[in-house]
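What follows is one structure encoded as structure tokens, with my remarks underneath.
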Number of protein chains: 2
Amino acid sequence: MELAEARQQFIQSWGVMGSQWGINRTMSQVHALLLISEEALCADDIMAELNISRGNANMNIRALLDWGLVYKHFKAGERKEFFVAEKDLWTAARKVIKERKKRELEPVLDMLETLNSTEFTGDEEKVRQFSKRVADVRTFARQSDKLLSGIVKSDRKWFLGGFARLFGK
Amino acid sequence: MELAEARQQFIQSWGVMGSQWGINRTMSQVHALLLISEEALCADDIMAELNISRGNANMNIRALLDWGLVYKHFKAGERKEFFVAEKDLWTAARKVIKERKKRELEPVLDMLETLNSTEFTGDEEKVRQFSKRVADVRTFARQSDKLLSGIVKSDRKWFLGGFARLFGK
DNA sequence: AGAAACTTTCAATAAGTTTTGAAAGTTCAT
DNA sequence: ATGAACTTTCAAAACTTATTGAAAGTTTCT
């Protein structure tokens, strides 16, 4: 198989996965491209490889920097900016978990805390039942938050090591 | 606070979270509505509560059944179908993980396995570097898959119990 | 200060996704 | 076999999100 073809396959597949998880397809593709690139790439390289406009490239590169998945890299004698991906995927995954937890889980958690400490007006029995459900969901969400925090704080060994001992007991 | 208002807040917030994770907003809202409903609801109840069309309600209820997050419920003497949510969120979460793993992680894993056992044509050094990157990503993806499988198989106690002992050691 | 090299912004447009609603399909009771 | 009750389908419309490209902005060099 041609190397170029294999690269495209990797980039496409990574893009599809991203879009299924609510991440802009182009952003995932830029990430994929940088992941498999040894050399730091500049905006023009990325535009050319992925066939996208300058604006689109710029916006998605900024987003990746923002997530901490890509770093700026300056080459001596070159004026433009180059970019490299965080190549350690465990580090990258932890950043994604941390960030999504903050952006997407915490607002729900806040809503649940608020509802949990509010008194409702309405049919007494219905209020009782609703409060019970909210409390259940809150417990679950807090537990999930705790689990994710633990993962973010844990080190590579935990991830690389066997998980067998962690479950079922 | 009015009970009705609180219900809307819960439903909206759950809908936003879903959409951020690549799940149709209406589907999350139907799920939220069923989660906080003691009684089983029929299509018309859901249409009325969420102000959506019959087609939309039907399509999203089917999807939730498909994910195993909602069950059909028949009421004696009633001809129409009623629906209830799986109220145990740990059970629901495991189903979601299992399903997303299958639908969204496994295709990437397959791509990585294929690329990993393919010889590439092209500049020798570039091929070597690309293969190394693919191997790295594959290792990470397999490890993630293993971790998720463990979670899916683990029991509630593991989730409810303290995670402290699991990390950092 | 001016010009070149580069990055960012943003309004217009394109692409993609979701929703609707009416028609077709199904099931069940008589 | 018919009709009422209910569910499913699907093409068209509405809505949302992503992308473009040209203009504006910034930085660096002489």
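What's counted below: heavy atoms across the whole structure, side chains too, no hydrogens, waters or symmetry copies. In what follows, every chain begins at residue 1, and chains take the letters A, B, ... in the order their sequences are listed.
- Side-chain contact of E5(B) with Q9(B): a donor-acceptor pair under 3.5 Å is absent, judged by distance alone.
- The pair E106(A)-K102(A) fails the salt-bridge criterion, with no side-chain N (NZ, NE, NH1 or NH2) lying under 4.0 Å from an Asp/Glu carboxylate O.
- Salt bridge R7(B)/E2(B): absent, no basic N to carboxylate O contact under 4.0 Å.
- Only N24(A), T26(A), listed by number, bring a heavy atom of residues 10-36 of chain A to less than 4.0 angstrom from any atom of DNA chain D.
- Note on R62(B) versus E81(B): salt bridge recorded, some NZ/NE/NH1/NH2 to OD/OE distance being below 4.0 Å.
- Salt-bridge formation is detected for the pair E113(B)/R142(B): a Lys NZ or Arg NE/NH1/NH2 atom is positioned less than 4.0 Å from an Asp or Glu carboxylate oxygen.
- With rounding to the nearest 0.5 Å, the separation of CG in L35(B) from CD in E86(B) is 9.5 Å.
- Atom CD1 of I46(B) and atom P of dC6(D) are 15 Å apart (whole Å).
- For the pair R62(A) CZ and dT19(D) P, the interatomic distance rounds to 17 Å; values are reported in whole Å.
- The residue R54(B) sits close to a base: some heavy atom pair falls under 4.0 Å.
- Below 30°, between 30° and 60°, or above 60°: for W90(A) and W158(A) the angle between ring planes is between 30° and 60°, a tilted geometry.
- Comparing R79(B) and A57(B) against DNA chain C, the residue whose closest nucleotide sits nearer the 5' end is A57(B).
- Note on N51(B): only backbone sugar-phosphate atoms sit closer than 4.0 angstrom, heavy atoms only; bases stay farther off.
- In this structure, the side chains of F159(B) and S144(A) come closer than 4.5 Å at one or more pairs of heavy atoms.
- Using a 4.5 Å cut-off on side-chain heavy atoms (C-beta onward), E104(B) and W21(A) make contact.
- Regarding I61(A), its CD1 atom lies at a distance of 13 Å from the P atom of dT19(D), rounded to whole Å.
- Taking atom CG of residue N56(B) and atom P of nucleotide dC15(D), one finds them 13 Å apart after rounding to whole Å.
- Once you apply a 4.0 Å limit to the heavy atoms of chain A, the touched nucleotides of DNA chain C run 5' to 3' over dA4(C) to dT9(C).
- The nearest heavy atom of DNA chain D to F83(B) and to G55(A) marks one nucleotide each, and the one closer to the 5' end goes with F83(B).
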